[in-house]
Trainee: 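Just dropping this structure here.
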4 protein chains.
Amino acid sequence: MDFNEKQIQILKVAEKLFAEIGFDGTSVRHIAKEADVNVAMISYYFGSKEKLLEALLLYRVADFKMELETVMVQNLPHVEKLDALVSLMVNRIHRNRRTHKIINYEYTNTCRQIDFDAYVEQKKDSLGIIEAFVKDGQNKGVFKTDVHTKLLGATVIGTYFQVYNNKPFYKKLLGLDSDEAFENYMLTSLTQHIQQTIKSLLLNEK
Amino acid sequence: MDFNEKQIQILKVAEKLFAEIGFDGTSVRHIAKEADVNVAMISYYFGSKEKLLEALLLYRVADFKMELETVMVQNLPHVEKLDALVSLMVNRIHRNRRTHKIINYEYTNTCRQIDFDAYVEQKKDSLGIIEAFVKDGQNKGVFKTDVHTKLLGATVIGTYFQVYNNKPFYKKLLGLDSDEAFENYMLTSLTQHIQQTIKSLLLNEK
Amino acid sequence: MDFNEKQIQILKVAEKLFAEIGFDGTSVRHIAKEADVNVAMISYYFGSKEKLLEALLLYRVADFKMELETVMVQNLPHVEKLDALVSLMVNRIHRNRRTHKIINYEYTNTCRQIDFDAYVEQKKDSLGIIEAFVKDGQNKGVFKTDVHTKLLGATVIGTYFQVYNNKPFYKKLLGLDSDEAFENYMLTSLTQHIQQTIKSLLLNEK
Amino acid sequence: MDFNEKQIQILKVAEKLFAEIGFDGTSVRHIAKEADVNVAMISYYFGSKEKLLEALLLYRVADFKMELETVMVQNLPHVEKLDALVSLMVNRIHRNRRTHKIINYEYTNTCRQIDFDAYVEQKKDSLGIIEAFVKDGQNKGVFKTDVHTKLLGATVIGTYFQVYNNKPFYKKLLGLDSDEAFENYMLTSLTQHIQQTIKSLLLNEK
DNA sequence: AATGAATGAGCATTCATTCAT
DNA sequence: GATGAATGAATGCTCATTCAT
């Protein structure tokens, strides 16, 4: 978990390339060249290409750890807390979108011998906190009860990635000319849509 | 679009393997072995591995074509039509989940020289029909107007794939022991959750 | 030796391609496509790619057979006969330059199992006739005797092919802009140079 | 131009095989086996089979560089200088006959993407020196003027290669039993014949 | 007689990894 | 600790040829 400068350099390049052209599509030579290190260094530092991916997961999963508690402890009305929660989730996913994309690609690949335990654990934790918050809101009569609580996270992240994974399509559909415009859209309108979606599900109309 | 029996056999195996272990991770030898055909036959029939994927897209995209119109022309209340629409979408995606997954993997891979035009066109069509239906409902005062109509599809498909792509995680989370139970859950509870999500977004409380 | 129309079509295409891109470099598919026949037809008609080359040799060697005798029997002074002889040789080589080039490529390739007997026989015959003519001239005191008679043919053909095989170089060196200009040069100036060369070797100055 | 021992080993084997069985006919596996190196090493060292050939050309073209000037500056009568020149040319071609043969094969193959610039340049230089020498001899009245000076080189090299490329034929024709006898013939009688040819063309009888 | 379908063998090349230094 | 050199295995693909029809 404590990587030196050169290792981090490799991890960042690997993250970018894995996300862009896939794990299998990326050769260690490509990573080495882009990271301006010797080819052998990757095996030397990480043991293998697969272990490099595992190291990347460890490196990033620490970052996944959302400060959900930070939001939770705030003395905010449930509605506002919900918005803050969704916003935080989207922001976090967005920041680590590359690693998340890799995981989405590779997690169900049974041939791969990658240890996803840390990712799974973190995911379970996050969803647990959200579930508890929703339960609390339901107990207090603020949130509706006829909701698939365990699937709320899937809707948040799923909506985000459906747009992200079809970037060229949505850029055209939404009339977004540049990558910056797209990025901006993700963090404003899309986030707003997801917030609205979750609120619609949980809140009773006034 | 008119493939013979052996070609279809190859296409099906390729679809499975591409979805399971990725396009790059799947070798033509693997496909050939699994499909019980000679390695050379894949190049012979499809020209190349990339063209095989393109053929697969063409083969399946024809199947994507949702009978949205069939639902649309039915003389149903907007609410029920909405449910039917979502149900149809989920079913269709589910049936072609493998090819959709491949597309989600490869569409943004700029290195790849794959022609996704047919897919994009079909996607645009589908979303167009949905958009028109929502617009109609809004004009008739049945649907709310403060909604990101263009993002509704992303929420439907995104939620589905977020669960599908994290199958082992959700099987555990939802206490689903077998693949059959998971599959069943996708087509019942998950579908229900997505229907509920979309309805919450569009319908005014009574 | 009696080929039907389609076989001749194949032979001509094969000759062109073998000469242009070599025997190994030319695939039967390429020949089949260019000759607008089915791939299997080549094996069907000729047995194999190697046998196709042998058939080509047989087909052309018949054409190599110079009408040297025609020149020989003419009642011409030795000097003029010599010029006519060289001119005839160059013309004949030029007409069959493609097949000659292939032979020059493949004759010393010991791996190849090609039967060059007909070619060798024809070559021996031709050189024999020339040798006899030179001997006759020497006996009559018209030609010099201190000459490597057996090498005269090599000088004629060798000079021709050295220019032909370095066509782009000589086009530039000689300021020949087009293929037509080059071709014309081969049949005029180059022929003249070769005639002059042979005459210089054989004739005593006056 | 600065190759290590193993690279030179590969180049020598490649030269031999390319000359014997052609560029297309020679597989990198064959070269690797004969040179007793790993197959991958050829790509590793030279990039590709085509680049291997280019490397070979560069490696040998340096060797083509005839010491024509050495002969030129000698204070010899023109006639003797002419003999020395031809002898030098034949010797040089003979030493590099393999690479020259490859070039003769491949130079006009337009499909091939080989850089022959160095070869062309060297050839131009050599012919230029010879031309200048002949011009000088003509100016001094030693050489005849009615000669295709630019074609003299073609006659020298062409005669050599016509014999070399038809080795089995000429061995039989000239009654040369062994390869050694043939080789010896090339460097004595054949050389003498070529010297005589060029002198006949250029010198006035006494 | 003629051919589309099919195939095993071989191709050049790239891969992740190892190892001597 | 770090690396250039080297490698066996695997890659996608093309080859000449065969064979059922």
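Throughout, protein chains are lettered first and strands after them, A, B, ... in sequence-line order, and every chain is numbered starting at 1. None of these values were measured; they are calculated from a predicted model.
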Trainee: For DNA chain F, what string of dots and brackets results from 5' to 3' when Watson-Crick and G-U pairs need both distances under 3.5 Å, crossing pairs get [ ], and pairs with another strand get |?
Mentor: .||||||||||||||||||||
Trainee: Counting primed atoms plus P, OP1 and OP2 as sugar-phosphate and everything else as base, spell out the protein contacts along nucleotides 9-16 of chain E at 4.0 Å heavy-atom distance: B, S or - for each nucleotide, 5' to 3'.
Mentor: -BSBBBSB
Trainee: In this structure, how many angstroms lie between the P atom of F:dA2 and the CD atom of A:Q9, rounded?
Mentor: 13 Å
Trainee: Look at the aromatic rings of D:F46 and D:F3 and report parallel, tilted or perpendicular, splitting at 30° and 60°.
Mentor: tilted
Trainee: Is the NZ or CZ atom of D:K123 both under 6.0 Å from the centre of the six-membered ring of C:F169 and within 45° of that ring's axis?
Mentor: yes
Trainee: In whole angstrom, what separates D:E5's CD from F:dA6's P?
Mentor: 11 Å
Trainee: Inspect the contact between D:D24 and D:R112 and indicate whether a charged nitrogen and a carboxylate oxygen are less than 4.0 angstrom apart.
Mentor: yes
Trainee: How close or far is atom P of F:dT14 from atom CD1 of C:I31, stated in whole angstroms?
Mentor: 17 Å
Trainee: Does the ring of A:F23 carry A:K49 above it, NZ/CZ under 6.0 angstrom from centre and within 45° of its axis?
Mentor: yes
Trainee: C:E34: what forms a side-chain contact (heavy atoms from CB on, under 4.5 Å) with it, not counting sequence neighbours?
Mentor: C:V13, C:K16, C:L17, C:H30
Trainee: I need the CG-C1' distance between D:D36 and F:dT7, as an integer number of Å.
Mentor: 13 Å
Trainee: In whole Å, what is the span from the CD atom of B:Q7 to the C1' atom of E:dG4?
Mentor: 13 Å
Trainee: Do B:N166 and A:Y119 pair up side chain to side chain, a donor and an acceptor below 3.5 Å, judged on atom types alone?
Mentor: yes
Trainee: When you check the side-chain N and O atoms of C:T108 and D:K101, is any donor under 3.5 Å from an acceptor?
Mentor: yes
Trainee: Specify the separation, in whole Å, of atom CE of B:M41 and atom P of F:dC19.
Mentor: 15 Å
Trainee: Look at the rings of B:F116 and B:Y107 and say which category their plane angle falls in: under 30° parallel, 30 to 60° tilted, over 60° perpendicular.
Mentor: perpendicular
Trainee: Would you mind reading off the distance between C:I10 atom CD1 and E:dA1 atom P, rounded to a whole angstrom?
Mentor: 15 Å
Trainee: Mind checking C:Y45 for me? I need base, sugar-phosphate or nothing, with any heavy atom below 4.0 Å counting as a touch.
Mentor: sugar-phosphate
Trainee: Rounded to whole Å, please give me the gap between NZ in C:K33 and C1' in F:dT14.
Mentor: 14 Å
Trainee: Inspect the surroundings of NZ in A:K167 and state if more than 12 heavy atoms from other residues, nucleotides or ligands are less than 6.0 Å away.
Mentor: yes
